[in-house]
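A note on names: the letters A, B, ... follow the listed sequences, proteins ahead of strands, and every chain is numbered from 1. Only heavy atoms go into these numbers, but all of them, side chains included; no hydrogens, no water, no symmetry mates.
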Amino acid sequence: MTSAATLGHLAADSTTAAAESQGFLSPTGVEVAFLLVGLVTFGAAVVTVTTRQLVHAALWLVVALGGLAVEYLLLTAEFIAWVQVLIYVGAVVVLILFGLMLTRAPIGRSPDADSGNRWAALTVAVAAAAALVWVVVDAFRTTWIDLDGPAAGSTAVTGASLFQNWVLPFEALSVLLLAALVGAIVLSRRAKANHVTEAGRPTGPNGSGKDGVR
Amino acid sequence: MHLAYPAVLSVLLFCTGLYGVLARRNAILVLMSVELMLNAVNLNLVAFDVWLSKAAEETLHSGQALTLFTIAIAAAEIGIGLAIVLAVHRNRGTSDIDKLRDTAEGPDGEDPGTGASATGPAAEKAEATA
């Protein structure tokens, strides 16, 4: 049976022969795991965009991003999965939580979290989802990912391709990160410097005292 | 694995982020929805890279390299975005997108149609906050 499957693969990849050998309504274990984790991820994403408690939204975003990291692991992209955990769950969500804490005290429910045009937004989102799901399922109905064999996204493979073929974009990206760092510092400092000068001009000693503190 | 599984999940996550961007009012919640959309694109890139690396003998691994670049750019984007949101919050006292209508045209302005009167209060506010 396995030889027949491999023969089907060799004869015509991602055609009807492969479709008959794979079976449409008999999901494998990886597919079942992908489906379950995908349901958790999608549910967490929906709660993220609909909950009225801002901190809870950020924490559900952690669940959604962690579920995506598990999906990357199931797709044999290990390095991307751990980068996802490190950067998104580790850095981005912490930044978002800091931003929430600094802009408002988000304890409890905030009834003005949703805009007035949420029904129009829901219509647009559902229409886009229906159209895209129809197109994607119709286009890739007979396409299977071959997850057997060596992992397609192990650290060795990713590092080799990144530093053999993608060195110039990689270095350009480091310049971009530096620019973003400088830009964030400038954006934060300009407002603070203006604040200090505005507060410092009329009230001399108090403003200088604030200067010393800052 | 059927390719439709990650593709459909990516579509659903993208449309969830689209709803969040359109329906949320707090700027930081909008940024979180943008992160969801970026992650949907990342999942698509990884799934198609894994498929093509086996099916088409594609050795560049462009999908995974672009995913790494997208993650780094998303980190930069969230840093800059939060700096902007904090600066706006410090100047205006709110991070509510519906209230930041200085450059808006339409029925909320005083005179929709005359450019001079529309730029007048906006310029005054810009000077006041600068």
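What you find for B:Ser33 and A:Val49 is that their closest heavy atoms are OG-CG1, 3.8 Å. In terms of heavy atoms, A:Leu187 sits closest to B:Ile84 at CD1-CG1, 3.4 Å. Heavy-atom minimum distance, B:Leu18 versus A:Ala128: CD2-CB, 4.1 Å. Across all non-hydrogen atoms, the minimal contact from B:Ala47 to A:Ile145 is O-CD1, 4.0 Å. B:Ala75 and A:Ile87 make their closest contact through CB-CG2, 4.2 Å (heavy atoms, listed as atom of the first residue, atom of the second, distance).
For the pair B:His89 (side chain) and A:Thr103 (backbone), a donor-acceptor distance under 3.5 Å is present. B:Gln64 contributes no side-chain N or O that, together with a main-chain N or O of A:Ile80, makes up a donor-acceptor pair within less than 3.5 Å.
Counting only residues at least two apart or on different chains, no ring-ring contact (aromatic ring centres under 6.0 Å, His included) pair has a member in residues 36-64 of chain A.
Listed by sequence position, A:Phe34, A:Leu35, A:Gly38 are the residues of residues 33-40 of chain A in contact with chain B, using a 4.5 angstrom heavy-atom cutoff. Listed by sequence position, A:Leu173, A:Leu176, A:Leu177 are the residues of residues 171-179 of chain A in contact with chain B, using a 4.5 angstrom heavy-atom cutoff. Annotation: residues 89-97 of chain A contacts chain B through A:Val92, A:Leu95, A:Ile96 [non-hydrogen atoms, separation under 4.5 Å].
When side chains are defined from C-beta on, A:Tyr88 counts as touching B:Asn42, because their heavy atoms get closer than 4.5 Å. Side-chain contact between B:Tyr19 and A:Thr50 is present, with at least one heavy-atom pair separated by less than 4.5 Å. A heavy-atom distance below 4.5 Å is found between the side chains of B:Leu68 and A:Thr158.
Heavy atoms of B:Ser53 lying under 4.5 Å from chain A belong exclusively to its side chain.
Note on A:Leu74, A:Val157, A:Val137: by heavy-atom pairs under 4.5 Å with chain B, the leading option is A:Val157.
Using bins of under 30°, 30° to 60° and over 60° for the plane-to-plane angle, the ring pair A:Phe140/B:Trp51 lands in the perpendicular bin.
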